[in-house]
Every structure is written in structure tokens, then in C-alpha cells.
Amino acid sequence: MINKSYLNQIALVTGAGRGIGRAVATALSSTGRYVYINYKSNVDAANQTLEMIKGQGTPEIEQGRGETIQFDVADKEQSEAAIKYIIQKHGKIDILVNNAGIKDDKLMVMMKQDSWESVINTNLTGFYNITRLAVKNMIKNQFGRVINIASTSGQIGVAGQVNYSASKAGLIGATKALAKEVASRNITVNAVAPGFIKTDMIETLAIDDIIKSIPAKRVGKPEDVAAAVIFFSSDEASYITGQVLGVNGGIY
Ligand code: NAP
């Protein structure tokens, strides 16, 4: 349900230029939120997300509102500077969606240290780099919604993804622990764990074979994940925290 107070809420979605992040950013905007669209290098894709946002209004506002913001979530200084910039401008961040993520699949015995570190640094340390300052501000404002995009891979473990499964399992643990730290401050922290979702990330996989193993017999859409994020961001979900919601067509 759209609530008029959403018009005053500021959201940051990391990795929102493409894929799931773009669907989340446009969905948040369609509920009236002002949305920061983070990206790492693909400025054209981020601008396209912004155009999509501007092209959709709500009954209260003619145009969706937002802006792009470039930074690498794996870089602590860049991440903290971005959070400070948003807080300086608006005084707050109400909704943080930690979505930026990468994979670099290899069997463990073949995995070089840089594959391990790049995935952990982006998917897990990225969460730390952004969330620490954002949550500090949410505590001050006595309101916040943190939504982390995990993965089925972090729940069940996937061969060839030791680095990725570890990063996403770590994110789930961090979600549950942080939820307990800040629940009394009117801040919820939840995770969405997508299965196979049609984005650039799974482009190189053998989709036809994968579909056979999915009970729903299809891969998911980015919008399927966005719907779960919108739920966790809503006023109706204020008593739900520390939870992991699978969006996976029954594969778990
Ligand atoms: P995607 O299509 O590859 O898009 C990734 C997005 O993340 C891009 O916008 C990219 O920015 C951004 N990004 C990557 N590294 C970044 C960094 N260091 N700093 C800032 N932004 C960065 O991926 P996706 O499939 O939408 O995945 C989104 C999230 O869902 C990830 O956390 C992923 O692990 C998770 N997930 C995906 C699936 C799936 O099947 N697709 C399943 C489970 C979980 P640029 O455009 O600038 O490169």
C-alpha cells in the first residue's frame, strides 16, 4: 500500500543501473520515494534507470524522483563519502537496499585469492562499508529499513561458488545480527534471497538445464525480487525483522 509519508522517504539502492537493482529502484520510486541509483562503472545503464524513474509518477507527484550516484561499494572511502553526501543533502537515509553484487565462479581448488577477495569485498564488505554509517543515521532518526539482497546460494551452498556462497551466507548472518541490534530503534533489517533471476549475471549459464531443476519451471524476473523488497520497505512490515525471504520458484 502506498502511504503519503513515502513521499518524504529517501532510498539508496546499490547496483541499481541494471538487473535486480534497476527493478528495485523503479519499484521504490513508483511508491513515491526519492531514489539514489548507485552504479560502479556503467553510467549509461544508471542514466536509463533514472529516465525510467522520471517517466513514472504517482497520484501525488507527476514525475518519479531520484539521481544517480557513482561509487564502488568495495571501496570504504568512496562508500562513506557517498553516504555522507546523501545525509548532508537530505538529513537522512530511510531505506537502504544492499544489492550490488558480483560472482566469479570457480571450483575451490582452482580459486585464486583475487577471486575470493573481489567477491567477498563487494558482496559482504560492501555491506559493511555502506550500512555502518547509514544505520548510525537511521538510529538518530529513529526509523530505517535495511534490505540485503542475498541468494539461495548462501542458504544451500552451490558447488563452484564457494566465494559467492560464503559472501551471501555472511550477509544473511549479518542481517540477523544487525536486526537484533537496532530493532528497538524502529529499524528493520531483512534479506531477500533470490534463486535464478533473468539478468546479466546468469547470462552465461545453461538456462534450459537450470529450468528443469526449478519447481516453478521458469527463472524469475527482477520484478519478482523487487516486490519482496517493496514489502520489507513498507509500513505494514514494521514488525518483521531479521528474516530471509526466498524468491526462488521453489528451488531451495
Ligand atoms: P547484474 O545484472 O550483474 O547487475 C549488478 C549491478 O551491481 C550493476 O548495476 C553493477 O554496476 C553493480 N555493481 C557491481 N559491483 C559493484 C560495486 N563494486 N559497486 C557498486 N555497484 C556494483 O546483477 P543482478 O543479477 O541484478 O544481481 C543483483 C544482486 O542480486 C547481486 O547481489 C546478486 O548477487 C544477487 N542475486 C542475483 C541472482 C540472479 O540470478 N541474477 C540470484 C541471486 C542473487 P555497473 O552497472 O556499473 O557494472
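For ligands, and for the atoms within them, numbers begin at 1 and follow the listed sequence.
- Protein heavy atom closest to atom 25 (O) of ligand 1, with residue, atom name and distance, is Thr199 OG1, 2.5 Å.
- In terms of protein heavy-atom proximity, atom 40 (O) of ligand 1 is nearest to Ile197 N, 2.8 Å.
- The ligand atoms of ligand 1 that sit less than 4.0 angstrom from a heavy atom of Ile20 are 26 (O), 30 (O), 37 (C).
- Not a single heavy atom of Thr14 lies less than 4.0 angstrom from ligand 1.
- Ion pairing of Lys112 with Asp114 is absent here, as no side-chain N (NZ or NE/NH1/NH2) approaches a carboxylate O to less than 4.0 Å.
- With a 4.0 Å cut-off on non-hydrogen atoms, Asp72 touches ligand 1 through its backbone as well as its side chain.
- Counting heavy atoms closer than 4.0 Å to ligand 1, residue Tyr164 contributes side-chain atoms (C-beta onward) but none from N, CA, C or O.
- Of the N or O atoms in Val73, one or more lie within a sub-3.5 Å distance of an N or O in ligand 1.
- Summary of contacts: the protein heavy atom closest to atom 42 (C) of ligand 1 is Gly195 O, 2.8 Å.
- Atom 13 (N) of ligand 1 has its closest protein heavy atom at Ala100 CB, 4.0 Å.
- A donor atom on one side chain and an acceptor atom on the other are not found under 3.5 Å apart for Tyr34 and Gln9.
- Regarding atom 12 (C) of ligand 1, its nearest protein heavy-atom neighbour is Gly15 CA, 3.4 Å.
- Numbered from 1 in the order shown, with element, the atoms of ligand 1 that lie under 4.0 Å from a heavy atom of Asn38 read 20 (C), 21 (N).
- Between Gly21 and ligand 1, not a single N/O pair is under 3.5 Å apart.
- Between Thr152 and Phe196, the closest side-chain pair of non-hydrogen atoms is not below 4.5 Å.
- Asn98 has its side chain within reach of Ile130: a pair of non-hydrogen atoms, C-beta onward, lies under 4.5 Å apart.
- Thr49 and Arg22 share a side-chain donor-acceptor pair at under 3.5 Å.
- The Asn42 neighbourhood of ligand 1 comprises atoms 45 (P), 46 (O), 47 (O), with distances under 4.0 Å to a heavy atom of that residue.
- Close N/O approach between Asn123 and ligand 1 is not found [any backbone or side-chain N/O within under 3.5 Å].
- Atoms of ligand 1 lying under 4.0 Å from any heavy atom of Thr122, numbered from 1 in the order shown and given with element: 15 (N), 18 (N).
- Close approach of ligand 1 to Ile102 (heavy-atom distance below 4.0 Å) involves ligand atoms 14 (C), 15 (N).
- By the 4.0 Å heavy-atom criterion, Gly126 is excluded from the residues contacting ligand 1.
- Atom 43 (C) of ligand 1 has Pro194 O, 3.3 Å as its closest protein atom, hydrogens excluded (heavy atom only).
- At least one N or O atom of Lys40 sits closer than 3.5 Å to an N or O atom of ligand 1.
- Considering both main-chain and side-chain atoms, Ala45 never comes within under 3.5 Å of ligand 1 through any nitrogen or oxygen pair.
- For Gln56 and Thr26, the side-chain atoms include no donor-acceptor pair closer than 3.5 Å.
- In terms of polar-atom proximity, Lys168 is counted as a contact of ligand 1, with an N or O under 3.5 Å from an N or O of the ligand.
- The protein atom (non-hydrogen) at minimum distance from atom 3 (O) of ligand 1 is Arg18 NH1, 3.7 Å.
- Protein heavy atom closest to atom 32 (O) of ligand 1, with residue, atom name and distance, is Asn99 O, 2.7 Å.
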